[in-house]
Amino acid sequence: MKLLVVNGPNLNMLGIREPDIYGKHTYQDLIDKIKDYAEQGGDEVTFFQSNHEGALVDAIQQAYFDGVEGIVINPAAYTHTSVALLDALKAVSIPAVEVHISAVNEREAFRQVSYVRQAAVACVTGKGFDGYLEAIDILRKTQD
Ligand code: DQA
């Protein structure tokens, strides 16, 4: 399966950013962990991270033209604001799983709103980096 993992703003700062919430491991650690897991299962995975909403929209659109079969997306703060990301996911119709490292449902009220969730086949929250692996498992089942 051809997978794309999209990470939104400030996730490049993992390890530095609020380690009590997001942990001490870096963005590169996250990439390595997901890559190992995907490749062990025979999947091909590419990664995209940006702090810019339009760049994230472009990456989702490009996934369509690249024949991506599943998207794992942590839209970060744009989760709670972005109709553009929702529309991009709807536009490409690629099965997508929304992931959050932290338990957004137990945090501030504004983090409990998700625009992208409408376009996601599932949402995994509060499981740290392992949530991305769970998202891959969910996408693999969409291929059965
Ligand atoms: C996050 C949760 C968001 O509310 C926050 O803006 C992030 C990260 C998470 O992975 O827990 O940047 O998506």
Side-chain angles (χ1 to χ4, degrees), residues 1-41 43-64 66 68-143:
M1 185 176 193
K2 196 166 174 178
L3 297 168
L4 171 67
V5 178
V6 177
N7 279 291
N10 300 305
L11 291 169
N12 56 316
M13 297 292 279
L14 287 170
I16 299 166
R17 163 190 199 199
E18 300 179 271
D20 46 321
I21 297 175
Y22 299 110
K24 292 192 176 133
H25 293 286
T26 65
Y27 177 68
Q28 188 58 50
D29 294 336
L30 175 64
I31 300 296
D32 293 344
K33 185 181 177 96
I34 298 170
K35 203 169 163 34
D36 279 355
Y37 189 75
E39 289 178 356
Q40 272 169 28
D43 295 317
E44 185 191 325
V45 61
T46 55
F47 297 90
F48 184 79
Q49 188 279 328
S50 179
N51 296 323
H52 305 277
E53 187 175 13
L56 295 163
V57 170
D58 288 344
I60 292 166
Q61 290 183 6
Q62 190 58 44
Y64 176 84
D66 292 345
V68 168
E69 296 163 294
I71 296 175
V72 176
I73 183 164
N74 183 346
Y78 291 134
T79 307
H80 318 302
T81 62
S82 181
V83 177
L85 287 179
L86 167 65
D87 285 349
L89 289 170
K90 282 184 166 174
V92 298
S93 292
I94 298 168
V97 177
E98 175 187 347
V99 174
H100 299 285
I101 294 166
S102 67
V104 279
N105 294 342
E106 294 163 18
R107 297 180 64 194
E108 301 96 320
F110 64 83
R111 290 187 207 277
Q112 296 176 31
V113 175
S114 169
Y115 284 82
V116 303
R117 204 154 303 169
Q118 266 191 51
V121 295
C123 178
V124 182
T125 68
K127 299 199 170 162
F129 287 8
D130 286 345
Y132 291 80
L133 310 188
E134 193 173 317
I136 289 175
D137 288 340
I138 293 166
L139 290 170
R140 283 175 176 157
K141 287 198 185 114
T142 67
Q143 296 282 293

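The first residue in the sequence is number 1, and the count goes up from there. These numbers were taken from a predicted model, which means no experiment stands behind them. Whatever order the structure lists ligands and atoms in, that order sets their numbers, starting from 1.
Between the side chains of E53 and N51, no donor N or O sits under 3.5 Å from an acceptor N or O. Y132 and N7 form a side-chain donor-acceptor contact under 3.5 Å, judged by distance and modelled atom types alone. No side-chain donor from either of Q62 and D58 sits under 3.5 Å from a side-chain acceptor of the other. Using modelled atom types and a 3.5 Å distance limit, the side chains of E98 and T79 yield no donor-acceptor pair.
The closest approach between a heavy atom of V104 and any atom of ligand 1 is below 4.0 Å. Using a 4.0 Å heavy-atom cutoff, N74 is listed among the residues neighbouring ligand 1. Under a 4.0 Å heavy-atom criterion, R17 is in contact with ligand 1.
Between atom 11 (O) of ligand 1 and the options S102, A103, G126, A77, the minimum heavy-atom separation is to S102.
The only option from E18, R107, R111 that meets the side-chain hydrogen bond (donor to acceptor under 3.5 Å, both in side chains) definition with S102 turns out to be R107.
The nearest heavy-atom contact from the protein to atom 4 (O) of ligand 1 is H80 NE2, 2.7 Å. What sits closest to atom 5 (C) of ligand 1 on the protein, heavy atoms only, is R111 NH1, 3.3 Å. Looking only at protein heavy atoms, the nearest one to atom 9 (C) of ligand 1 is I101 N, 3.3 Å.
The aromatic rings of H100 and H80 sit parallel, their planes meeting at an angle under 30°, below the 60° perpendicular limit.
Within the 4.0 Å heavy-atom criterion, both parts of H100, backbone and side chain, lie near ligand 1.
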